[in-house]
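Values below: every heavy atom of this structure, side chains too, minus hydrogens, waters and symmetry copies.
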Amino acid sequence: MNAVAASARRSIHPPPVASSPFPYHPGSLLSIDHLTLGDIGHILARAAALETQDPLVRARILAKRRVALLFYESSTRTRTSFELAAKSLGADTTLVSSLSSSIEKGETLKDTGLTLRALGAETIILRHANSGAPWLLEESARLSILNAGDGMHEHPTQALLDLRTILAKLRPGTVDVNAQTLAGFNIAIVGDILHSRVARSNMLLLPRLGARVLLCGPKELLPEAAVKSSPGIAISRDFNAALRESQAVMMLRIQAERLAGLQLDLEEYKSNYQLTGDRLREHAPDALVMHPGPIIRGLELTAGVADGPQSVIVEQVRHGVAIRMAVVERALAAKSDGARP
């Protein structure tokens, strides 16, 4: 009897585990790598169309659809941009922050996502301090999730709006992108590459369109391993040399909270990597000056450069609303393929 039972147990095989590719929902945007060049071209084209559409007509596109903004980190540009984008399309939005919800009582991300779904949210825009959080939320809430920045990982819509800003200046009128769209252009990304989700998404996106990305910064903030992250990436420790090669320079914020334990002298950093008016005039008098914000004036760049004629920082913010309108529309227009119950 025991032998028969043991044999029966050995012959029982569990059913195969269902595949679970990410993202589960076709409207999700978790990583810039999830977009094909065709997807990127469509987003750029829709951003252009939506931006110029009659506001009264545009407001009917997502009339009364429900969008939840779930922000575990403080944000001005990204949160407001997404909120204005959704409302411009007619959607109803609700903001949930860690300081004004059950999150501060210890509620898990999964339970917060399930609660928002039960309350009628159709898509969730998430910013979280932990890398990978959008994947967890997408799996548990089973809604389209838009990654508004996750830890030190990615910020895909920032990369898209940066691309739109670059194209508007260097390739005006371009929306149908391909692998040669930015061929011959060098884009410098300068500063804290190690901790920057903005840098990471741009490093994944820009080389796919033919651009060469020059990473510039001290070794404490830019490890040599960064060149292995994607083809078309190079490192330069000489900021002046990088500027001379570049048609656009993207300055990154130095975040004091992330410098703990690093032997970094801020005055030495400013001497070597701060973008000043003199440095810009001498080495890159025609280059675009970009920054994802918030700017720390007098640290990564001077006030004169931030407000100068080469700066497109405010334009980046404006492009962000158009890009996020297209991304929110995509999230709510897409239908789940039914692969999950």
- Minimum heavy-atom distance Ile235-Pro223, with the two atoms named: CD1-O, 3.6 Å
- Note on the structure: On a heavy-atom basis, the closest approach of Met290 and Ala248 is SD-CB, 4.4 Å
- To the nearest 0.5 Å, how far apart are NZ in Lys64 and CG in Asp92? 3.5 Å
- Message: Are more than 12 heavy atoms, taken from residues, nucleotides or ligands other than Asp176, located less than 6.0 Å from that residue's CG atom?
- Response: no
- Side chains of Thr112 and Glu107: do they bring a donor and an acceptor to under 3.5 Å? yes
- The complete set of ring-ring contact (aromatic ring centres under 6.0 Å, His included) pairs with one or both residues in residues 276-304, sequence neighbours excluded, reads none
- Query: salt bridge (charged side-chain N to carboxylate O under 4.0 Å, His left out) with Glu51: which of Arg46, Arg318, Arg324?
  - Reply: Arg318
- Item | Straight-line distance of Met251 CE to Ile189 CD1, nearest 0.5 Å | 11.5 Å
- If we only count heavy atoms from C-beta on, is the Leu136 to Asn130 side-chain gap below 4.5 Å? no
- Task: Using the ring-ring contact (aromatic ring centres under 6.0 Å, His included) rule, collect all pairs that involve residues 139-183, keeping only residues at least two apart or in two chains.
- Result: Trp135-His153
- Are any non-hydrogen side-chain atoms of Ser246 and Leu214 less than 4.5 angstrom apart? yes
- Task: Mark yes or no for whether Thr123, through its side chain, and Val67, through its backbone, hold a donor-acceptor pair below 3.5 Å.
- Result: no
- Kindly determine whether Leu275 and Val249 satisfy side chain to side chain contact (heavy atoms under 4.5 Å, CB included), including the steps that lead there. CA-CA 9 Å; Leu275 186 58; Val249 53; 4.1 Å; yes
- Task: Identify whether Leu84 and Leu62 are in the same connected component of the hydrophobic contact network (ILVMFWY, side-chain heavy atoms under 4.5 Å).
- Result: no
- Task: Quick one: do Leu182 and Leu163 satisfy side chain to side chain contact (heavy atoms under 4.5 Å, CB included)? Show the steps, please.
- Result: CA-CA 10 Å; Leu182 290 176; Leu163 172 62; 3.9 Å; yes
- Item | OG-CG distance between Ser271 and Leu266, expressed to the nearest 0.5 angstrom | 12.5 Å
- Message: Do Glu300 and Ile296 make a side-chain contact, defined as non-hydrogen atoms from C-beta onward lying under 4.5 Å apart?
- Response: yes
- Nearest 0.5 Å, what's the CG-NZ distance between Leu194 and Lys219? 13.0 Å
- Message: Taking the side chain as everything from C-beta on, heavy atoms only, tell me whether Leu137 gets closer than 4.5 Å to Leu70.
- Response: yes
- Message: Under 3.5 Å, is there a donor on one side chain and an acceptor on the other for Thr181 and Arg171?
- Response: no
- Query: Is it true that Ile124 and Leu119 fall in one hydrophobic cluster, defined by side-chain heavy atoms closer than 4.5 Å?
  - Reply: no
- Query: Rounded to the nearest 0.5 Å, how far does CZ of Arg142 lie from CG of Leu114?
  - Reply: 9.0 Å
- For Thr157 and Asn147 the tightest heavy-atom approach is OG1-O, 4.5 Å
- Task: Check the hydrophobic clustering (I, L, V, M, F, W, Y; side-chain heavy atoms under 4.5 Å; chains of links allowed) and say if Phe82 and Leu332 are grouped together.
- Result: yes
- Item | CG-CG distance between Leu280 and Leu301, expressed to the nearest 0.5 angstrom | 9.5 Å
- Message: Checking Lys110 against Glu139 for the side chain to side chain contact (heavy atoms under 4.5 Å, CB included) test, could you report, in this order, the C-alpha distance in whole Å, the side-chain angles of both residues, the deciding distance, and whether it holds?
- Response: CA-CA 9 Å; Lys110 176 178 179 177; Glu139 182 178 18; over 6 Å; no
- Note on the structure: Scanning both residues in full, the closest heavy-atom pair of Ser201 with Ile32 reads O-CG2, 3.8 Å
- Query: Given the rule that I, L, V, M, F, W and Y join up when any side-chain heavy atoms are under 4.5 Å apart, are Val321 and Ile43 in one cluster?
  - Reply: no
- What pairs meet the salt bridge (Lys or Arg N to Asp or Glu O under 4.0 Å) rule with one or both residues in residues 145-163, with sequence neighbours excluded? none
- Message: Does any part of the side chain of Ile40, heavy atoms only, come nearer than 4.5 Å to the side chain of Leu205, both counted from C-beta?
- Response: yes
- Item | Shared hydrophobic cluster, Leu37 / Leu204 (ILVMFWY, side-chain heavy atoms < 4.5 Å) | yes
- Not counting sequence neighbours, which residues clear ring pair (Phe, Tyr, Trp, His ring centres under 6.0 Å) with Tyr269? List them please. Tyr273
- Message: With heavy-atom distances below 4.5 Å as the criterion, would you say the side chains of Glu315 and Lys169 are in contact?
- Response: yes
- Note on the structure: For Ile193 and Arg200, the nearest pair of non-hydrogen atoms, with its separation, is O-NH2, 3.9 Å
- Check: Ile254 and Leu221 side chains under 4.5 Å, non-hydrogen atoms: yes
- Message: If the condition is salt bridge (Lys or Arg N to Asp or Glu O under 4.0 Å), which residues does Arg66 pass it with, not counting sequence neighbours?
- Response: none
- Exercise: identify the closest heavy-atom pair between Ser144 and Ser28: CA-OG, 3.4 Å
- Message: Run Arg253 and Asp192 through salt bridge (Lys or Arg N to Asp or Glu O under 4.0 Å) and show every step you take.
- Response: CA-CA 7 Å; Arg253 180 166 65 99; Asp192 188 1; over 6 Å; no
- Check the pair Glu73 / Arg79 against salt bridge (Lys or Arg N to Asp or Glu O under 4.0 Å), numbers first and verdict last. CA-CA 10 Å; Glu73 292 182 326; Arg79 181 187 64 78; over 6 Å; no
- Note on the structure: Residues passing the ring pair (Phe, Tyr, Trp, His ring centres under 6.0 Å) test with His128, sequence neighbours excluded, are Tyr72
- Message: Checking Arg58 against Leu89 for the side chain to side chain contact (heavy atoms under 4.5 Å, CB included) test, could you report, in this order, the C-alpha distance in whole Å, the side-chain angles of both residues, the deciding distance, and whether it holds?
- Response: CA-CA 5 Å; Arg58 188 174 62 205; Leu89 298 172; 3.7 Å; yes
- Query: Are any of the side-chain heavy atoms of Val317 and Ser81 separated by less than 4.5 Å?
  - Reply: no
